[in-house]
Amino acid sequence: MTTFKDRLAEIEERIGQACRRSGRRREEVRLMAVSKAHPVPSIREAVEAGIVLFGENRVQEFESKRAAMGDLTGQIEVHLIGHLQSNKSAKAAELFSGVDTLDSLRLAERLNDAAGKLNRTLPVLIEIKLSPEAAKTGLDPAGGELEELLGRMIDFRHLAMRGLMTIPPLDDNPETARTCFRGLRELRDKVAARHPALDLSQLSMGMSGDFEIAIEEGSTMVRIGTALFGVREVRT
Ligand SMILES: *Cc1c(COP(=O)(O)O)cnc(C)c1O
């Protein structure tokens with residue numbers, strides 16, 4: 001049986017190769033370990049192997065894990081990468097180091113209020129839906145809400161804009177994912193030019209099956225679950 005360390009070494013090797021192929025430095029790409037559906041001991045093993053950034057997709061699941069994490073909590077950064085209902089904003093602002101799935105103006109308002117009450121600034125990424133077949137969540141890049149949200153970010157003093165995130169449609173053809181990743185980068189370049197005061201430097205894209213393509217297309221954060229922790233028993 002392979003250990004977490006073995007799997008991490010293999011992923012590191014592949015990230016390094018993808019960076020070299022695309023003329024990028026390894027430091028430009030953060031590795032997020034997606035620990036959803038895996039228990040606290042798996043998170044501990046990952047931390048021992050050197051992982052400092054984690055992704056979880058459910059508020060409640062992470063709330064119960066965190067209660068059992070003890071000393072680990074202070075050593076790691078955990079981002080929410082699943083859809084957030086605005087009625088869970090307060091909990092999310094309290095639990096997570098960042099929310100990578102901001103997908104409406106209303107959610108931004110709720111999160112900003114919640115972060116304000118906690119006297120903190122919450123880093124956020126806007127989730128973008130780049131094709132009709134992609135996951136149901138995410139803002140339509142062609143709709144007016146994205147522009148409106150970006151325009152309002154200056155008022156949201158407790159949110160810190162960091163960039164964009166996307167989940168490509170499920171497709172066996174890796175070129176579908178490439179088109180989607182490239183689309184996210186181009187969208188970022190376009191909106192960054194319109195909003196020079198905002199930090200849109202982060203592009204969270206790429207998972208176990210397509211992270212090398214995502215790095216070639218400019219990803220700054222790959223979200224890897226299965227290839228690090230093994231197959232999840234429950235579908236999440
Ligand atoms: C589960 C999940 C991942 C990780 O997917 P793997 O294919 O297991 O690497 C990445 N991003 C999001 C948003 C997820 O929900």
Side-chain angles (χ1 to χ4, degrees), residues 2 4 6-15 18 29-40 42-43 45-46 49 51-63 65 76-85 88 92 95-104 107 111 123-131 133-139 162-174 176-178 180-181 183-185 202-236:
T2 60
F4 186 93
D6 298 333
R7 293 188 293 268
L8 177 59
E10 197 212 308
I11 295 295
E12 268 300 336
E13 175 65 30
R14 290 169 57 190
I15 291 175
V29 184
R30 292 190 82 192
L31 170 58
M32 170 187 279
V34 177
S35 47
K36 65 183 185 194
H38 293 281
V40 173
S42 302
I43 297 178
E45 195 182 3
I51 299 280
V52 291
L53 174 63
F54 290 84
E56 286 278 343
N57 71 333
R58 289 179 184 200
V59 175
Q60 253 147 353
E61 179 184 335
F62 182 58
E63 187 179 21
K65 281 184 192 171
I76 60 176
E77 200 183 314
V78 184
H79 291 208
L80 180 66
I81 59 167
H83 179 64
L84 177 61
Q85 289 169 300
K88 291 187 184 158
L95 288 170
F96 292 99
S97 336
V99 170
D100 295 357
T101 48
L102 186 59
D103 64 356
S104 73
L107 179 59
L111 271 177
V124 292
L125 301 180
I126 299 177
E127 183 184 351
I128 303 288
K129 179 177 157 79
L130 280 167
S131 77
E133 311 82 49
K136 291 173 284 299
T137 53
L139 264 177
R162 293 284 184 262
L164 306 179
M165 176 273 205
T166 200
I167 307 171
L170 270 180
D171 196 311
D172 290 336
N173 181 357
T176 305
R178 187 185 297 281
C180 184
F181 298 148
L184 192 71
R185 174 167 44 94
Q202 299 290 314
L203 290 174
S204 170
M205 53 192 201
M207 319 202 292
S208 291
D210 52 25
F211 67 90
E212 289 146 305
I213 295 173
I215 291 170
E216 288 168 14
E217 296 301 331
S219 174
T220 65
M221 197 192 290
V222 291
R223 310 181 304 263
I224 303 190
T226 313
L228 281 175
F229 291 105
V231 177
R232 290 178 289 275
E233 277 166 27
V234 247
R235 231 195 96 80
T236 55

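In listed order, ligands and their atoms are each counted from 1.
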Quiz item: Taking only heavy atoms of Ile81, which atoms of ligand 1 are found under 4.0 Å from at least one of them?
Solution: 11 (N), 12 (C), 13 (C), 14 (C)
Exercise. For Leu111 and Leu102, work out which heavy atoms get closest and say how close.
Key: CD1-CD1, 4.1 Å
Quiz item: When you measure from the side chain of Arg223 to the backbone N and O of Val34, does any donor-acceptor pair fall under 3.5 Å?
Solution: no
Exercise. Heavy-atom distances under 4.0 Å are what count here, so tell me which part of Ile167 touches ligand 1: side chain, backbone, both or neither.
Key: side chain
Quiz item: Salt bridge check: are Glu63 and Lys88 linked by an N-O gap of less than 4.0 Å?
Solution: no
Quiz item: With respect to atom 9 (O) of ligand 1, which of Ser35, Ser208, Gly82 exhibits the smallest heavy-atom separation?
Solution: Ser208
Quiz item: Does some non-hydrogen atom of Met32 fall short of 4.0 Å from ligand 1?
Solution: no
Exercise. Show which atoms of ligand 1 fall inside a sub-4.0 Å distance from at least one heavy-atom site of Arg232.
Key: 1 (C), 8 (O)
Self-check item: Under the side-chain contact (heavy atoms from CB on, under 4.5 Å) test, residues paired with Pro174 that sit two or more places apart
Solution: Ile213
Quiz item: For the residue pair Phe229 and Phe54, does the interplanar ring angle fall in the parallel (under 30°), tilted (30 to 60°) or perpendicular (over 60°) class?
Solution: tilted
Practice problem: Can you sort out which atoms of ligand 1 are near Arg223, meaning under 4.0 Å from one of its heavy atoms? | Solution: 4 (C), 9 (O), 10 (C), 11 (N), 12 (C), 13 (C)
Quiz item: Does a donor on one side chain and an acceptor on the other come within less than 3.5 Å for Gln85 and His83?
Solution: no
Quiz item: Less than 3.5 Å between some nitrogen or oxygen of Gly225 and one of ligand 1, yes or no?
Solution: yes
